[in-house]
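These notes are about the structure you will find just below.
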Amino acid sequence: MLANSIVVLDFETTGLSPAQGERAIEIGAVKLESGIVTDRFQALMNPGRRINSFIENYTGISNRMLAVASPCAKVMTDFASFIGESNLLAHNASFDARFLEAEFARLGRQVLGEFTCSLLISRRIYQDAPNHKLGTLINYKNIAADGSFHRALFDAEMTAELWLIMLNDISERYGLENIPFSLIKQLAKTPKAQINKLLTNYASKITKAV
DNA sequence: TGCCAGGCCCTCTTTAGGGCCTT
C-alpha cells in the first residue's frame, strides 16, 4: 500500500509564528516504512524563555519541565539525524514546516525532504467529516486514542494512524495497490471537484500499464 | 481566551473577505 518511507512529525511550540519569534518546545515523530512504524523520536526542548499559561494548559508542558530539557539546538540537531532526507508529513504541514525550517535555519541547516499534509488530503477524501481537526478525524475514523492530544509524539502517532487509514481508503475506493508520494503531492493541491477524476485516471493508467 | 501568522479554500469571488487549521 505505502511503498516509500515517510516521517510523520508534530511540534508543540510557544505560539503560532516563528516569524514573530515563537520557538519549538517539543518535537515528536514516527518513521513509517511500508506502512509500519519502525522508529520514534520525542524530546522536549528548552526555548530559553518562559512559556505562557495558555501554552502550559494547552499542551500540559510546564515551565518546570522545560527548565530541565535540552536546548533547542541540541534536540534539533538530533532530530536532523533522525529524519535525514526522508519525506515528511504533518497535520496542517505548513505550520510544522515553518517551525522546522526556522529551527533548522538557526543551526545553518536546511530541510532536505519534501512535506505533505494530512489536513489537505483529509479535506479531499473525507468531505463529510464534521471538521478536519486531528482529534475529530481520529474519532471520525474510529481510531483508538489512548493518550493526550497536544503532546507531540501522541499527535504524530495519531497522524500516522490516520494517514495509513486515508491511504487504505484511497486504495480501496480507487483500486490502487500502491500510492506513490508523487501522487499524494498532486492530490494535496488538486481542487476537490477534480479529485475523483485525478484518482480514477491514475488508477486507469496503472491498470493499463499492468 | 483568543488574538497574533500564514496557507488553503469557499463564496454573497477574482480589484475580497472570512472560516478553517496549526500552538
Side-chain angles (χ1 to χ4, degrees), chain A residues 6-30 41-66 69 72 75-76 79 83 88-106 111 114-141 143 145 147-163 166 184-198:
Chain A
I6 193 167
V7 169
V8 186
L9 64 91
D10 183 72
F11 276 106
E12 305 306 320
T13 70
T14 62
L16 292 174
S17 175
Q20 300 297 310
E22 306 294 0
R23 299 296 304 272
I25 58 173
E26 186 182 39
I27 178 68
V30 300
F41 187 102
Q42 185 277 330
L44 292 169
M45 60 191 110
N46 189 334
R49 57 186 169 85
R50 292 181 62 81
I51 59 174
N52 64 39
S53 60
F54 172 76
I55 295 297
E56 281 192 314
N57 293 331
Y58 187 80
T59 63
I61 298 168
S62 67
N63 280 295
R64 181 173 295 183
M65 293 161 69
L66 295 178
C72 294
V75 171
M76 295 311 298
F79 188 60
I83 63 177
L88 304 163
L89 167 73
H91 200 69
N92 197 12
S94 65
F95 173 85
D96 294 279
R98 279 197 299 275
F99 274 96
L100 184 61
E101 288 166 359
E103 294 294 344
F104 272 19
R106 289 173 178 268
V111 179
E114 287 189 76
F115 259 99
T116 194
C117 177
S118 55
L119 170 64
L120 295 182
I121 303 298
S122 72
R123 282 176 173 161
R124 287 159 172 76
I125 301 303
Y126 302 137
Q127 296 186 25
D128 292 336
N131 59 56
H132 298 86
K133 295 177 182 177
L134 178 61
T136 300
L137 291 170
I138 294 301
N139 287 330
Y140 179 71
K141 297 306 297 181
I143 298 169
S148 299
F149 283 106
H150 307 305
R151 286 301 301 267
L153 182 58
F154 184 75
D155 281 4
E157 299 258 18
M158 291 294 97
T159 301
E161 289 205 36
L162 175 65
W163 179 247
M166 283 199 292
I184 292 296
K185 293 285 290 182
Q186 194 174 356
L187 182 59
K189 62 184 181 184
T190 298
K192 286 180 183 176
Q194 297 174 24
I195 290 300
N196 195 54
K197 182 179 179 182
L198 169 72

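So that the names make sense, note that chain A is the first sequence line, chain B the second, and so on, each numbered from 1.
The distance from atom CG of Leu153(A) to atom P of dT23(B) is 14 Å, rounded to the nearest whole Å. The interatomic distance linking Arg151(A) (CZ) with dT23(B) (P) rounds to 13 Å, in whole Å. For the pair Met158(A) CE and dC21(B) C1', the computed distance is 19 Å after rounding to whole Å. Summarising the geometry, the separation between NZ on Lys133(A) and P on dC8(B) is reported as 21 Å, rounded to the nearest angstrom. Spacing between atom CG of Asn52(A) and atom C1' of dT23(B) amounts to 10 Å, rounded to whole angstrom units. If you take CZ of Phe115(A) and P of dT22(B), they are 15 Å apart, rounded to a whole angstrom. Rounded to whole Å, the distance from CG on Asn63(A) to P on dT23(B) is 18 Å. Atom CZ in Phe149(A) sits roughly 10 Å away from atom P in dT22(B) (whole-Å rounding).
Projected onto DNA chain B by closest heavy-atom contact, Phe54(A) and His91(A) fall at different nucleotides, the more 5' of which corresponds to Phe54(A). For Glu12(A) and Gln20(A), each mapped to the nucleotide of DNA chain B holding its nearest heavy atom, the one lying further toward the 5' end belongs to Gln20(A).
Contact annotation: Arg124(A) side-chain N/O to dC9(B) OP1/OP2 distance is under 4.0 Å. Of the side-chain N and O atoms in His132(A), none sit less than 4.0 angstrom from OP1 or OP2 of dC20(B). For dC8(B), the OP1/OP2 oxygens have no side-chain nitrogen or oxygen of Lys192(A) closer than 4.0 Å.
dG18(B) and dC12(B) have their C1' atoms separated by 12 Å, given to the nearest Å. Here the separation of dC8(B) from dT13(B), taken at their C1' atoms, is 15 Å to the nearest Å. dC20(B) and dT15(B) are spaced 25 Å apart, taking the C1' atom of each and rounding to whole Å. Rounded to whole Å, the C1' atom of dG19(B) lies 15 Å from the corresponding atom of dC3(B). As rounded to the nearest Å, dG7(B) and dT1(B) have P atoms that lie 28 Å from one another.
Proximity note for Arg123(A) (side chain, C-beta onward) versus dG6(B), dC9(B), dT22(B): the nearest is dC9(B). Among the nucleotides dC21(B), dC8(B), dT23(B), the one closest to any side-chain atom of Leu120(A) is dC8(B).
Between Leu66(A) and Pro47(A) there is a side-chain heavy-atom pair separated by less than 4.5 Å. Counting heavy atoms from C-beta outward, Ile25(A) and Phe11(A) have side chains that stay 4.5 Å or more apart.
Ion pairing between Lys141(A) and Glu161(A) fails under the 4.0 Å rule for side-chain N and carboxylate O. Note on Glu22(A) versus Arg98(A): no salt bridge recorded, every NZ/NE/NH1/NH2 to OD/OE distance being 4.0 Å or above. The pair Arg151(A)-Glu12(A) fails the salt-bridge criterion, with no side-chain N (NZ, NE, NH1 or NH2) lying under 4.0 Å from an Asp/Glu carboxylate O.
When heavy atoms are screened at a 4.0 angstrom cut-off, Thr14(A) is found touching no nucleic acid atom at all. Phe11(A) comes within 4.0 angstrom of the backbone, heavy atoms only, and of no base. Across all strands, Asp155(A) comes closer than 4.0 Å only to sugar-phosphate atoms, never to a base (heavy-atom distances). In this structure, Asp96(A) reaches neither bases nor backbone, as no heavy-atom distance under 4.0 Å exists between it and the strands shown.
Residues His132(A) and Ser122(A) have side chains that never bring a donor and an acceptor to within less than 3.5 angstrom of each other.
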